[in-house]
Amino acid sequence: MQLSEYLNKNFPGLVLRPSLYYQWKNSIHFELAKGLYQIKSNSDELNPHYFNTVYYQATTLFNKLFSDGDQLYLVTNIYQYKNNNKTSRKKMKVYHHYVKNKNLRYRLKQTRLPYMFDDEEDAVEKCTSQFSLYCHKQDLRYELLIKAICNQDFHELQPRLHNPFGLYEPDIFFINTTKDIIFYIYDDRGCEVIAKDIETIRPLYEKYIDWVDEYCYGVISVLFKKL
């Protein structure tokens, strides 16, 4: 099944773009490293305790959502200008650095979609190149990839995501087609989880309730208490 077919069947109307939480009812928004700060107090230095907590929490959530036998799509949105014709799989370091099996990369699919941020003034001049790879959890260097996502806004840190076309950094979505769950880490500040069936993510909510974003906590708690 193609990615578009899977999404239309299991998440009708959903667009793979930031703020999945606001598009889908069965969702949780987590805040990473709650109460900690990126910069050390009274200093310009990055706070390693903050980033280590971010990595730990994001990886913990991923491991709770994805088992070794689960099938998944690794989806990457690259944002670029339409007149830039240099989009190439060779530029997709996400798949070169973080997919273990070189031969698996030949299954990489690419689709050109409308620009995801259509409220911007020059949105008509831009587009989204969406790459997807169907694989398993054990095919990925997922711990390093999660670090790269979390480090994207901090040039001092490695590994780090980078958009070769100079617009927003890539957005990466982990889609578990076995459990019908989508996991999206937007940066070091937090992540979103949505599910076709809310009961699939109830254990995650109950175990990591203290990580739920405080601004969304009221809505999320009511959602889970209703059922």
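Numbers here are sequence positions counted from 1.
- The shortest side-chain heavy-atom distance between L74 and Y95 falls under the 4.5 Å cut-off.
- By the 4.5 Å heavy-atom criterion applied to side chains, P12 and N8 are not counted as neighbours.
- Judged purely by atom type and a 3.5 angstrom limit, R107 has no side-chain atom pairing as donor or acceptor with the backbone of L133.
- Not counting sequence neighbours, the partners of F51 by the ring pair (Phe, Tyr, Trp, His ring centres under 6.0 Å) test are F154.
- Within the model, atoms CG of N77 and CD1 of I172 stand 9.5 Å from one another, a figure rounded to the nearest 0.5 Å.
- Here the SG atom belonging to C150 is positioned 9.0 Å from the CG atom belonging to L161, to the nearest 0.5 angstrom.
- In plain terms, the two heavy atoms of H136 and G69 that are nearest each other are CD2-O, 3.7 Å.
- Hydrophobic clustering, with ILVMFWY side chains joined whenever heavy atoms are under 4.5 angstrom apart, groups F224 together with Y22.
- Remark: F30 engages no residue in a ring pair (Phe, Tyr, Trp, His ring centres under 6.0 Å) (not counting sequence neighbours).
- D153 meets the side chain to side chain donor-acceptor pair (under 3.5 Å) test with no other residue; sequence neighbours excluded.
- A 4.5 Å side-chain heavy-atom check between F66 and F174 finds at least one atom pair inside the cut-off.
- With sequence neighbours excluded, the residues satisfying side chain to side chain donor-acceptor pair (under 3.5 Å) with K137 are N63.
- Every residue meeting the side-chain contact (heavy atoms from CB on, under 4.5 Å) condition with I209, not counting sequence neighbours, appears here in chain and number order: Y205, Y217.
- L65 CG to N176 CG: the interatomic distance, rounded to the nearest 0.5 Å, is 7.5 Å.
- Other residues sharing a hydrophobic cluster with L14 under the 4.5 Å side-chain heavy-atom criterion for ILVMFWY residues are M1, L3, Y6, L7, F11, L16, L20, W24, Y73, V75, Y134, F173, I175, I182, Y184, Y186, I194.
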Side chain to side chain contact (heavy atoms under 4.5 Å, CB included) assessment of V94 paired with L145: CA-CA 8 Å; V94 168; L145 177 53; 4.3 Å; yes
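- Here E206 contributes atom CD and I201 contributes atom CD1; the two are 11.0 Å apart, rounded to the nearest 0.5 Å.
- For the residue pair L32 and G190, the shortest heavy atom distance occurs at CG-CA, 3.7 Å.
- In this structure Q23 satisfies the side chain to side chain donor-acceptor pair (under 3.5 Å) test with no other residue, sequence neighbours excluded.
- Salt bridge status for K126 with E120: present, with a side-chain N to carboxylate O gap under 4.0 Å.
- A donor-acceptor pair under 3.5 Å is formed between the side chain of T177 and the backbone N or O of Q71.
- Judged as a salt bridge (charged side-chain N to carboxylate O under 4.0 Å, His left out), the pairs with a partner in residues 47-76 (not counting sequence neighbours) are, in order, D70-K179.
- There is no side-chain donor-acceptor pair under 3.5 Å between N47 and Q38.
- Taking hydrophobic clusters as Ile, Leu, Val, Met, Phe, Trp and Tyr residues chained together by side-chain heavy-atom distances below 4.5 Å, M116 does not share a cluster with V124.
- Between E31 and Q57, the shortest heavy-atom contact is O-OE1, 4.0 Å.
- For S43, the side-chain contact (heavy atoms from CB on, under 4.5 Å) partners two or more places apart in sequence, or in a different chain, are K40, E45.
- In this structure, CD on E169 lies 6.0 Å from CD on Q152, to the nearest 0.5 angstrom.
- Contact check for Y55 versus I149: no side-chain heavy atoms found under the 4.5 Å cut-off.
- Take F183 and apply the ring pair (Phe, Tyr, Trp, His ring centres under 6.0 Å) test, not counting sequence neighbours, and it matches no residue.
- Under a 3.5 Å cut-off, the side chain of R105 and the backbone N or O of V99 do form a donor-acceptor pair.
- Here R189 pairs with D187 under the side chain to side chain donor-acceptor pair (under 3.5 Å) rule; sequence neighbours left out.
- Residue K100 places its NZ atom among more than 12 non-hydrogen atoms of other residues, nucleotides or ligands, all under 6.0 Å distant.
- Annotation: F117, atom CZ; neighbour count of heavy atoms from other residues, nucleotides and ligands within 6.0 Å is above 12.
- Counting all heavy atoms, side chain and backbone alike, P170 lies closest to I78 at CG-CD1, 3.5 Å.
- Looking only at side-chain heavy atoms (C-beta outward), Y50 and Y37 stay at 4.5 Å or farther from each other.
- Remark: side-chain polar atoms of N26 are paired, donor with acceptor, to backbone N or O of K196 under 3.5 angstrom.
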Stepwise side chain to side chain contact (heavy atoms under 4.5 Å, CB included) test for I185 and L61: CA-CA 10 Å; I185 307 169; L61 293 173; over 6 Å; no
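- Of all heavy-atom pairs between C135 and L104, the closest is CB-CD2, 3.8 Å.
- Every pair tested for salt bridge (charged side-chain N to carboxylate O under 4.0 Å, His left out) that includes a residue from residues 140-149 fails, sequence neighbours excluded, so the list is empty.
- Judged by distance alone, the side chains of S129 and Q80 do bring a donor and an acceptor atom under 3.5 Å apart.
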Residues K25, L223; criterion side chain to side chain contact (heavy atoms under 4.5 Å, CB included); working and verdict: CA-CA 8 Å; K25 181 179 180 181; L223 173 66; 3.6 Å; yes
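- H29 places a side-chain heavy atom less than 4.5 Å from the side chain of E192.
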Side chain to side chain contact (heavy atoms under 4.5 Å, CB included) evaluation trace for Q130 with T76: CA-CA 6 Å; Q130 186 175 87; T76 305; over 6 Å; no
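- Between L72 and L140 there is a side-chain heavy-atom pair separated by less than 4.5 Å.
- Y79 and D171 share a donor-acceptor pair across their side chains, judged by distance under 3.5 Å alone.
- Summarising the geometry of P159 relative to L144, their closest heavy-atom pair is CG-O, 3.5 Å, with the distance given to 0.1 Å.
- Here the straight-line distance linking atom OG1 of T59 with atom CD1 of I146 works out to 4.0 Å at 0.5 Å rounding.
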